[in-house]
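Below, chains carry the letters A, B, ... as their sequence lines are ordered, and counting in each starts from 1.
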Number of protein chains: 2
Amino acid sequence: MEREVAPVAGHDARPQRSDWQRNHEQLVAVAATLIDRDGAQVSLEKIAREAGVGSATLHRHFPSRRALLEEVFRAVVERFRLRADELAADDPRTGLVTWLEELTLSAADSRGLTAALEAAADGEPPAADSCHGMVREATVMLLDRARAVGAVRPEVSPDDLLALGTAVSLATEGDPAAARRLLRLAIDGVRP
Amino acid sequence: MEREVAPVAGHDARPQRSDWQRNHEQLVAVAATLIDRDGAQVSLEKIAREAGVGSATLHRHFPSRRALLEEVFRAVVERFRLRADELAADDPRTGLVTWLEELTLSAADSRGLTAALEAAADGEPPAADSCHGMVREATVMLLDRARAVGAVRPEVSPDDLLALGTAVSLATEGDPAAARRLLRLAIDGVRP
DNA sequence: AGACGAAATGGGGTCCCACCCCGTTTACTG
DNA sequence: CAGTAAACGGGGTGGGACCCCATTTCGTCT
């Protein structure tokens, strides 16, 4: 799964040097480990040190913390995309709710996924290959289905749902039970 | 309103020296200004510098950033407490909703209030004189009234509502329109 | 008024971090 | 097997949190 790494060239150009790829993978792997152990605000210096590269190299590979998070969580997000396809076979209503819940719980406990998904805040056109972009597409798909059977209010947008998930996971980081409770509350509404 | 400052002694002891009080007030005032201008993560050094005291003094007065935020927002929170009393005269349902909305909007745009209210996360027994404690009490009161007339689901707790407000304001900092939209969504629920 | 002791201060120190410069090393290419 | 562009990394800069301790200031007691 990691042996074969596509060149990922900007749009053509020549592929990166082998040491570049090695360091890149090493950095992502170490970052994943440390984020899991120490949270998403581990110092970048520490990641570089642990990966055995200079801090300059890390900064050259990832211009911002978020760029690194994006790569670290790409695999997770990819699995979510597949999960969305599974859920599309379910009842549209429970499919959407399950999707939102799994997404939110995952974000609330792997501190950092939330940040990776939050890219929207930077006003970028949600690139289809970014974490945010991928999740957004899946949400659009599931929401459309739920809407078609009248399972959600018509004025609810995909971005509303994502914002809701983000909000809940931000507020309940590290407490899955609270995350689940809060999300259900928001889905059901405060009023009876 | 600031001339007369109560000693605020721990429980007895002698009152603080005048220079202590002067610096304390100065620090809170400067912090309020800078937080308003630069957001709640202004460097504490900057606040100390601007206030004309050494950074050691700031740290002696406020052992943590949150301790400083607590004092900065105490006045705001006090006004909210009064507002709660006004809203208690309203229809219980709209009273509660208005309360939550005003609280959330305020938190979402004065970056920092949210953090001051978040004290709950530290598992402290919510002291009645902390920002969190005061707001919580008001919420309990308004929620009880709304519950009495069946305007909210019985399983919704005051802490649920506060968590909801916190979540929304965290996720929509600096964007009041988004905060309002998201909160309304959560109150009404995703389903029709 | 004057002096004494406790309270409070702040300059400077330590440690850590993000980010960058530039001389050196390394991998590919012909 | 050279030549060259790509990539590297040690070390520098600037800043922030938090702390130590010699010094100043305040309040009090005579």
Side-chain angles (χ1 to χ4, degrees), chain A residues 5-31 34-35 37-72 111-112 115-116 122, chain B residues 4-31 34-35 37-72 111-112 115 122:
Chain A
V5 180
V8 177
H11 52 308
D12 66 329
R14 72 196 73 175
Q16 278 93 352
R17 268 166 48 166
S18 62
D19 52 349
W20 191 96
Q21 288 202 356
R22 220 180 324 111
N23 284 335
H24 202 79
E25 286 162 27
Q26 176 69 0
L27 280 169
V28 172
V30 168
L34 293 190
I35 287 172
R37 202 188 64 194
D38 302 340
Q41 329 75 343
V42 240
S43 93
L44 301 179
E45 301 284 330
K46 192 174 292 181
I47 293 173
R49 227 177 299 132
E50 191 83 6
V53 306
S55 64
T57 296
L58 185 151
H59 285 285
R60 227 176 284 116
H61 279 250
F62 306 100
S64 69
R65 181 179 294 270
R66 179 166 297 156
L68 177 55
L69 293 180
E70 279 270 331
E71 286 228 15
V72 168
R111 318 173 63 88
D122 291 7
Chain B
E4 195 65 28
V5 179
V8 176
H11 51 308
D12 66 331
R14 73 199 68 175
Q16 278 93 353
R17 269 166 46 166
S18 62
D19 52 348
W20 191 95
Q21 289 203 355
R22 218 177 329 109
N23 284 335
H24 202 79
E25 289 162 25
Q26 176 69 1
L27 280 169
V28 172
V30 167
L34 292 191
I35 286 172
R37 204 189 61 193
D38 302 340
Q41 330 73 341
V42 240
S43 95
L44 300 179
E45 301 284 329
K46 193 175 290 181
I47 293 173
R49 228 177 298 133
E50 191 82 6
V53 305
S55 64
T57 297
L58 184 149
H59 285 284
R60 227 175 284 115
H61 280 249
F62 306 99
S64 69
R65 182 179 294 270
R66 179 168 295 158
L68 177 55
L69 293 180
E70 278 270 331
E71 287 229 16
V72 167
R111 315 174 64 89
D122 291 6

- Query: In whole angstrom, what separates A:H59's NE2 from D:dG11's C1'?
  - Reply: 14 Å

- A:E45 CD to D:dG11 P: how many Å, rounded? 14 Å

Expected list for residues 49-57 of chain A: side-chain donor-acceptor pairs under 3.5 angstrom, two or more places apart:
none

- With sequence neighbours excluded, what pairs up with A:S18 under the side chain to side chain contact (heavy atoms under 4.5 Å, CB included) test? A:R22

- Query: Hey, does the side chain of B:S43 come within less than 4.0 Å of D:dG15's phosphate (OP1/OP2), counting only N and O?
  - Reply: no

Nucleotide N/O to protein N/O under 3.5 Å, stretch nucleotides 8-12 of chain C:
| unit_1 | atom_1 | unit_2 | atom_2 | d |
| --- | --- | --- | --- | --- |
| C:dA8 | OP1 | B:R17 | N | 3.4 |
| C:dT9 | OP1 | B:N23 | ND2 | 2.5 |
| C:dT9 | OP1 | B:H61 | NE2 | 3.3 |
| C:dT9 | OP2 | B:H61 | NE2 | 3.3 |
| C:dG10 | OP2 | B:G54 | N | 3.2 |
| C:dG10 | OP2 | B:T57 | OG1 | 3.1 |
| C:dG10 | N7 | B:R60 | NH2 | 3.1 |
| C:dG10 | O6 | B:R60 | NH2 | 2.7 |

- Shortest non-hydrogen contact between B:D38 and B:Q41, atoms and distance: O-OE1, 4.0 Å

- Item | Flag side-chain contact, heavy atom, 4.5 Å: A:E71 against A:H24 | yes

- Interatomic distance where CG belongs to B:D38 and P belongs to D:dG15 [whole Å]: 15 Å

- Round to a whole Å and report the spacing from CG of A:L58 to P of D:dG9. 11 Å

- Specify the separation, in whole Å, of atom CG of A:L44 and atom P of C:dC17. 10 Å

- Query: Given atom CD of A:Q26 and atom C1' of D:dG9, what is their separation to the nearest angstrom?
  - Reply: 16 Å

- Note on the structure: Between B:A115 and B:L69, the two heavy atoms sitting closest are CB-CD1, 3.7 Å

- Taken to the nearest whole Å, CD1/B:I47 to P/D:dG15 is 17 Å

- Task: Compare side-chain N and O positions of B:R65 against OP1 and OP2 of D:dC18 and report whether any pair is under 4.0 Å apart.
- Result: no

- Message: What is the distance, to the nearest angstrom, from the CG atom on A:L27 to the C1' atom on D:dC8?
- Response: 12 Å

- Message: If you define the side chain from C-beta out and look only at heavy atoms, does anything of B:L68 sit under 4.5 Å from B:I35?
- Response: no

- Result for 5'-nearest mapping on DNA chain D, choosing between B:R22 and B:Q41, is B:Q41

- Task: Write down the atom of A:V72, the atom of A:A31, and the distance for their closest heavy-atom approach.
- Result: CG2-CB, 3.8 Å

